[in-house]
J.: 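One structure follows; several queries about it will come next.
Order of the sequence lines fixes the chain letters, A, B, ..., with proteins taken first and strands second; residue numbering starts at 1 for each chain.
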There are 2 protein chains.
Amino acid sequence: MDNTKDIFLKLFGKQIKQLRVEKKLSLRELSIRCNIDYSDISKIEKGKRNIQLSTLLELAKGLEVHPKELLNIKYK
Amino acid sequence: MDNTKDIFLKLFGKQIKQLRVEKKLSLRELSIRCNIDYSDISKIEKGKRNIQLSTLLELAKGLEVHPKELLNIKYK
DNA sequence: AAATTTGTGGGTAAAAAAACCCACATTTGA
DNA sequence: TCAAATGTGGGTTTTTTTACCCACAAATTT
């Protein structure tokens, strides 16, 4: 039904992973920078989590980018 | 303590309001486009809500902008 | 070959958003 | 002047994230 949400979450996850790999960080390394459990970051990257703005902010901090970078995805 | 979150949510809310007013929409009009209750949008604009990505997506749809536009804020 | 690192997935309790509703004061405009 | 529209805030229930933990297979390193 509402697959635009799922598509969006998948693209978002891809972007997180791309930025993380770009910076040569493992899930556990990023986890420490973000105060987010590594297994949860894994789920975010897989598009399995519909995170809140505060979590997006933590990820941006850990990845050292402006929050809007995380939404720099080809959506529509 | 963690006021960066609150600052961020306030700036985010301001951006939503700015885009909404720019498009000359009332809360109730935007509400219909977003399927989000108008009173909840009011709270979001006031920085009182830590919304999820799916809600951000709905707002972007209703405002007819790319999701990352909503994070186009002066944050750090 | 053995040890370590890495990504993934399943599970839990607590906290919070989502999705509603309604009331009220103020502004707008017919 | 009076009705309609607008923004704000309080409240409730359901659903979901958050914030943890642990186990395991596969890849990597030593």
J.: Using a heavy-atom cut-off of 4.0 Å across all strands, would you classify B/D40 as base, sugar-phosphate, or nothing?
T.: base
J.: Pick the closest DNA chain C nucleotide for A/R28 and for B/I44 by heavy atoms, then say which residue is nearer the 5' end.
T.: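 The residue closer to the strand's 5' end, by nearest nucleotide, is A/R28.
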J.: Could you state the CD1-C1' distance from B/I41 to D/dT8, rounded to the nearest angstrom?
T.: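 These atoms are roughly 13 Å apart.
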J.: If you compare every side-chain N and O of A/K46 against the phosphate oxygens of C/dT8 (OP1, OP2), does one of them come in below 4.0 Å?
T.: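 Indeed, a polar side-chain atom of A/K46 lies that close.
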J.: Would you kindly give the OH-to-P distance between A/Y38 and D/dC24, to the nearest whole Å?
T.: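 Value for this atom pair: 13 Å.
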J.: With a 4.5 Å heavy-atom cut-off, do A/L53 and B/Q52 have their side chains touching?
T.: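 With C-beta onward as the side chain, the pair stays apart.
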J.: Heavy atoms under 4.0 Å, any strand shown: does B/I51 hit a base, just sugar-phosphate, or nothing?
T.: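 Sugar-phosphate: the residue B/I51, judged by heavy atoms under 4.0 Å, touches backbone atoms but no base.
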J.: Let me know the distance between CD of A/E58 and P of D/dT18, rounded to the nearest Å.
T.: 11 Å
J.: Distance criterion of 3.5 Å, no angle test: do you see the side chain of A/K17 paired donor-to-acceptor with the base of C/dG7?
T.: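 Check fails, no donor-acceptor contact within cut-off.
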J.: Would you kindly give the CD1-to-P distance between A/I16 and C/dT8, to the nearest whole Å?
T.: 14 Å
J.: Given C/dA18, C/dG7, D/dT8, identify the nucleotide with an atom nearest to the side chain of B/T55.
T.: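 Of the candidates, C/dA18 comes closest.
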J.: For the side chain of B/D37, starting at C-beta, report the closest nucleotide among C/dG7, D/dC21, C/dC20.
T.: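 Nearest to the side-chain atoms of B/D37, counting from C-beta on, is C/dC20.
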J.: Using 4.0 Å as the upper bound for N to carboxylate O, is an ion pair formed by A/E64 and A/R33?
T.: yes
J.: Going by an N to O cut-off under 4.0 Å, is there a salt bridge joining A/R20 and A/E45?
T.: yes
J.: Side-chain contact, heavy-atom cut-off 4.5 Å: B/V65 with B/L59?
T.: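 Of all side-chain heavy-atom pairs linking B/L59 with B/V65, none is under 4.5 Å.
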J.: Look at B/S26 and D/dT6 and indicate whether a side-chain polar atom (N or O) is within less than 4.0 Å of OP1 or OP2.
T.: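 Indeed, a polar side-chain atom of B/S26 lies that close.
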J.: Tell me what A/S39 touches on the nucleic acid: a base, only sugar-phosphate, or nothing, going by heavy atoms under 4.0 Å.
T.: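 Base: the residue A/S39, judged by heavy atoms under 4.0 Å, touches a nucleobase.
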J.: Looking at B/E69 and A/K68, is there a salt bridge between them, counting it only when a charged N and a carboxylate O are closer than 4.0 Å?
T.: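 Salt bridge between A/K68 and B/E69, a charged N being under 4.0 Å from a carboxylate O: no.
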J.: Would you mind classifying the nucleic acid contact of B/S54 as base, sugar-phosphate or nothing, using non-hydrogen atoms under 4.0 angstrom?
T.: nothing
J.: Where the side chain of B/L27 is concerned, which of C/dG10, D/dA19, D/dG7 is the nearest nucleotide?
T.: D/dG7
J.: Measure CD1/B/I36 against P/D/dG7 and give the value in whole Å, please.
T.: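 Computing the B/I36:CD1 to D/dG7:P distance gives 15 Å.
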J.: Specify the separation, in whole Å, of atom NZ of B/K24 and atom P of C/dT28.
T.: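 About 14 Å, once rounded to whole Å.
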J.: Could you state the atom-to-atom distance from CG of B/N35 to C1' of C/dA19 in whole Å?
T.: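 Rounding to the nearest Å, CG of B/N35 and C1' of C/dA19 are 11 Å apart.
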J.: Counting side-chain heavy atoms from C-beta on, which of C/dA17, D/dC21, D/dG10 comes nearest to B/Q52?
T.: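 Among the listed nucleotides, the one closest to the side chain of B/Q52 is C/dA17.
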J.: Round to a whole Å and report the spacing from NZ of A/K5 to P of D/dT15.
T.: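 Rounded to the whole Å, the gap is 13 Å.
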J.: Reckon B/K48 has a side-chain N or O less than 4.0 Å from the OP1 or OP2 of D/dG9?
T.: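 It does, given that an N or O in the side chain of B/K48 lies less than 4.0 Å from OP1 or OP2 of D/dG9.
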J.: For A/K61 and B/T4, which I'm curious about, is there any donor-acceptor pair between the side chains at under 3.5 Å?
T.: yes
